[in-house]
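Structure first, then comments.
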Amino acid sequence: MRLIIMGPPGAGKGTQAKFIAEHFKIPAISTGDIFRANVSEGTPLGVEAKRFMDAGEYVPDEVTNRMVRNRIDEPDAASGFLLDGYPRTVAQVEELDGMIRFTGHQLDAVVCLTVDQDEIVSRLLQRAQVEGRADDTEDVIRRRQDLYLQETAPLIEIYKQRGIVHEIDGIGEVDEVTARIFQALDVIPES
Ligand code: ADP
């Protein structure tokens, strides 16, 4: 099973990704988490990524693509994976297509969480207090929202044309949203 979870920053992708990945026994691969781990370990990748992340900008495609390619090549991802936070640009969509095609598989589904703007801003400001993420300040949140609308929301259309998008209402209790996702995905045969 090869899946993507999409949605604006603050839509709850990371939370839901864990449940979906557990269910299908595949790794949830979050590019944001991998970048943050590299930043805190001070690796060269982390040093490079940090300046973009702190400003709410996307890390350059070639850096991100290489990182995802390496992660997907790991043995635990051989039978499938759930990507959270990737792809975010058209170039990344093409790169991912190539990676999956190379393994002889296909992308099975794209889960799209929909949440309205006001709800998102209040969730992110709340998360800023709890987690203290460097990129959860109001200016940077706004920049991330704008970038999402400009660069990433259009990708949904690309996947819709392939008929693999499941749009899920992301408003409600965490387990309600999970139940909606499972209901939508159960119709998809496991590979
Ligand atoms: P959010 O909650 O805003 O969706 P993430 O944790 O997914 O944030 O990502 C945090 C930051 O990591 C992004 O703002 C960006 O700088 C960087 N990042 C994560 N995934 C990608 C990607 N696919 N392409 C470019 N940059 C990325």
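All values below were derived from every heavy atom in this structure, side-chain atoms included, with hydrogens, water molecules and symmetry-related copies excluded. Since the model is a prediction, treat every value here as computed from it, not as a measurement. Just follow the structure's listing: the first ligand is 1, and inside any ligand the first atom is 1.
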- Query: Hydrophobic cluster mates of V140, side-chain heavy atoms under 4.5 angstrom, ILVMFWY only, any path?
  - Reply: none

- Query: So do L3 and F81 actually touch side chain to side chain, heavy atoms under 4.5 Å?
  - Reply: no

- Begin from the C-alpha positions of Y86 and N65 and carry the test side-chain contact (heavy atoms from CB on, under 4.5 Å) through to its verdict. CA-CA 9 Å; Y86 183 94; N65 286 336; 2.6 Å; yes

- Can you list, by chain and residue number, every protein residue with a non-hydrogen atom closer than 4.0 Å to ligand 1? P9, K13, T31, G32, F35, R36, M53, E57, Y58, V59, T64, G85, Y86, R88, Q92, R127, R133, D135, R144

- Task: For E119, check salt bridge (charged side-chain N to carboxylate O under 4.0 Å, His left out) against everything at least two apart and list the hits.
- Result: R123

- Task: Give the other cluster members for V115, using side-chain heavy-atom distances under 4.5 Å between Ile, Leu, Val, Met, Phe, Trp and Tyr residues; answer none if it is isolated.
- Result: I120, V121, L124, L125, I141, I171

- Side-chain donor-acceptor pair under 3.5 Å between T89 and D61, yes or no? yes

